[in-house]
Protein chains: 2
Amino acid sequence: MAPRKQQEIFGATLALLAERGYESLTIEGVAELSGVNKTTIYRWWPSKPALLAAALVEADALAFDPPDTGTLRGDLEALVDNVIALLTDPPSSDIAVAALGAAVHHPELNVRGFFADRFAREREIFERARARGELVHDTDPMLVVDLLAGAVWVRAVFRGAPVEPGFAERAVSAVLDGVTPRS
Amino acid sequence: MAPRKQQEIFGATLALLAERGYESLTIEGVAELSGVNKTTIYRWWPSKPALLAAALVEADALAFDPPDTGTLRGDLEALVDNVIALLTDPPSSDIAVAALGAAVHHPELNVRGFFADRFAREREIFERARARGELVHDTDPMLVVDLLAGAVWVRAVFRGAPVEPGFAERAVSAVLDGVTPRS
């Protein structure tokens with residue numbers, strides 16, 4: 001399938017998800033909005049969860065390039081700002097919150113692929129940091145990413161609290177420098 | 001209302017939530033399961049979200065006593081283990097994941113009260129740590145809690161990955177000690 005046509009299908013999928021929610025999302029609706037024949041869509045993605053899982057990883061709307069600022073601190077701050085934007089700026093926040101919320105109740109909607117894909121790209125941040133001597137040797141990069149992304153999720157979605165300016169700097173400083181006095 | 005009767009209502013509310021999900025939860029169903037008259041329940045809690053919000057904070061099944069181990073490290077490790085149990089051990093995990101997942105799509109189900117109530121209890125951990133000189137002076141306790149709880153949520157719910165033994169120790173060490181080499 002031509003990449004442009006594929007992006008139209010993904011765009012329609014995410015727009016309908018954000019607007020109507022996962023339960024009301026249908027491949028028929030995606031066909032109608034994208035102008036692509038239903039059977040063509042089914043040939044490529046055999047089910048609604050398969051289509052949505054592909055859209056979450058491949059849609060231009062959720063494209064993710066890992067930052068490369070020259071320092072681990074700068075990269076992680078940019079990463080946290082990226083997660084804040086993803087979870088609080090429409091339209092990406094409508095898409096991301098609808099998809100992640102749906103995944104809690106619908107195990108067939110596999111968002112592991114979305115997280116695995118992002119983590120595969122985030123890895124290079126930690127490889128560069130390791131080469132620069134910025135990381136304690138046995139640090140688990142996935143733990144660092146989950147601490148930071150998780151804090152944004154809890155603050156913005158569960159507490160429904162504003163993510164204040166400076167949140168990224170403070171969160172990254174806690175994880176890089178620690179919150180106990182250095183003796 | 002007698003505390004015991006109240007707990008029966010809360011218990012029925014959370015059992016039905018875990019079993020059927022938020023959409024299918026009804027006050028009629030709670031009345032039937034708890035054996036308490038529907039109009040009595042409505043007199044105390046005027047709506048389904050109000051009843052569930054109260055149950056999340058007050059039900060014995062979700063009771064939370066902040067740990068007091070003598071060190072900040074010990075307290076936070078116990079706190080993370082508590083969150084791991086909440087999100088991965090049935091029946092509490094069925095309740096917590098159903099409630100938190102529903103809150104994403106149903107803003108009328110206010111889980112802020114649940115987080116605010118827990119944080120009010122967690123505060124004492126940080127007050128004791130501050131008195132013992134274990135915290136950098138301008139540390140934001142809510143940030144520390146959100147980093148740790150968020151990491152468990154991302155790992156267990158979004159990644160659907162096992163939370164390995166030692167996760168609490170490693171997560172707490174990252175936040176207390178930092179992941180950059182101490183010079």
Side-chain angles (χ1 to χ4, degrees), chain A residues 21-23 72-73 76 97-107 110-112 114-116 119 126 129 133-161 164 167 170-171 173-183, chain B residues 21-23 72-73 76 97-107 110-112 114-116 119 126 129 133-161 164 167 170-171 173-183:
Chain A
Y22 180 73
E23 275 84 3
L72 176 59
R73 191 173 304 267
L76 291 181
V97 172
L100 295 171
V104 174
H105 301 296
H106 298 277
N110 193 343
V111 292
R112 294 180 203 188
F114 172 74
F115 281 89
F119 185 63
F126 296 92
E134 293 176 304
L135 265 185
V136 168
H137 129 101
D138 62 352
T139 302
D140 173 8
M142 190 183 278
L143 175 62
V144 173
V145 166
D146 289 356
L147 286 163
L148 294 171
V152 179
W153 175 268
V154 172
R155 184 68 57 101
V157 181
F158 288 153
R159 292 198 197 273
E164 322 88 13
F167 183 87
R170 293 190 298 116
S173 171
V175 175
L176 287 189
D177 308 322
V179 300
T180 47
R182 303 208 158 197
S183 48
Chain B
Y22 180 73
E23 274 84 2
L72 176 59
R73 192 173 303 267
L76 292 180
V97 173
L100 295 172
V104 173
H105 301 296
H106 297 277
N110 193 342
V111 292
R112 296 180 200 188
F114 172 74
F115 281 89
F119 185 63
F126 296 92
E134 291 175 305
L135 265 185
V136 169
H137 128 102
D138 62 351
T139 302
D140 172 7
M142 190 183 278
L143 175 62
V144 173
V145 166
D146 289 355
L147 286 163
L148 294 170
V152 179
W153 175 268
V154 172
R155 184 68 57 100
V157 180
F158 289 152
R159 293 199 196 273
E164 324 89 11
F167 183 88
R170 292 188 301 116
S173 170
V175 175
L176 287 189
D177 308 322
V179 300
T180 48
R182 303 208 159 197
S183 49

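By convention in this document, chain letters (A, B, ...) are assigned in the order of the sequence lines, proteins followed by strands, and residues within each chain are numbered from 1.
Chain B forms the most heavy-atom pairs under 4.5 Å with one residue out of Leu72(A), Val97(A), Val152(A), and that residue is Val97(A). In terms of heavy-atom pairs under 4.5 Å with chain A, the best-connected choice from Val111(B), Asp177(B), Thr139(B) is Asp177(B). Contact count against chain B (heavy-atom pairs under 4.5 Å) is highest for Met142(A) among Glu134(A), Met142(A), His137(A). Chain A forms the most heavy-atom pairs under 4.5 Å with one residue out of Phe158(B), Phe119(B), Phe114(B), and that residue is Phe158(B). Your options are Val157(B), Leu100(B), Val144(B), Val145(B), and the one with the most heavy-atom pairs under 4.5 Å with chain A is Leu100(B).
Neither the backbone nor the side chain of Asn110(A) comes within less than 4.5 Å of any heavy atom of chain B. Proximity to chain A (any heavy atom under 4.5 Å) is shown, for Ala171(B), by both the backbone and the side chain. Using a 4.5 Å cut-off between heavy atoms, Val179(A) contacts chain B through both its backbone and its side chain. Of the atoms belonging to Ala103(A), not a single heavy atom falls under 4.5 Å from chain B.
Looking at heavy atoms from C-beta onward, Phe167(B) lies out of side-chain contact with Asp140(A) at the 4.5 angstrom threshold. The side-chain heavy atoms of His105(A) and Glu23(A), taken from C-beta on, include no pair separated by under 4.5 Å. Side-chain contact between Leu148(A) and Leu147(B) is present, with at least one heavy-atom pair separated by less than 4.5 Å. For the pair Asp146(A) and Phe115(A), the minimum side-chain heavy-atom distance is 4.5 Å or more.
Taking a cutoff of 4.0 Å between a charged side-chain nitrogen and a carboxylate oxygen, Arg170(B) and Asp138(A) do not qualify as a salt bridge.
Taking both residues in full, the closest heavy atoms of Pro181(B) and Val136(A) are given as N-CG2, 3.7 Å, listed atom of the first, atom of the second, then distance.
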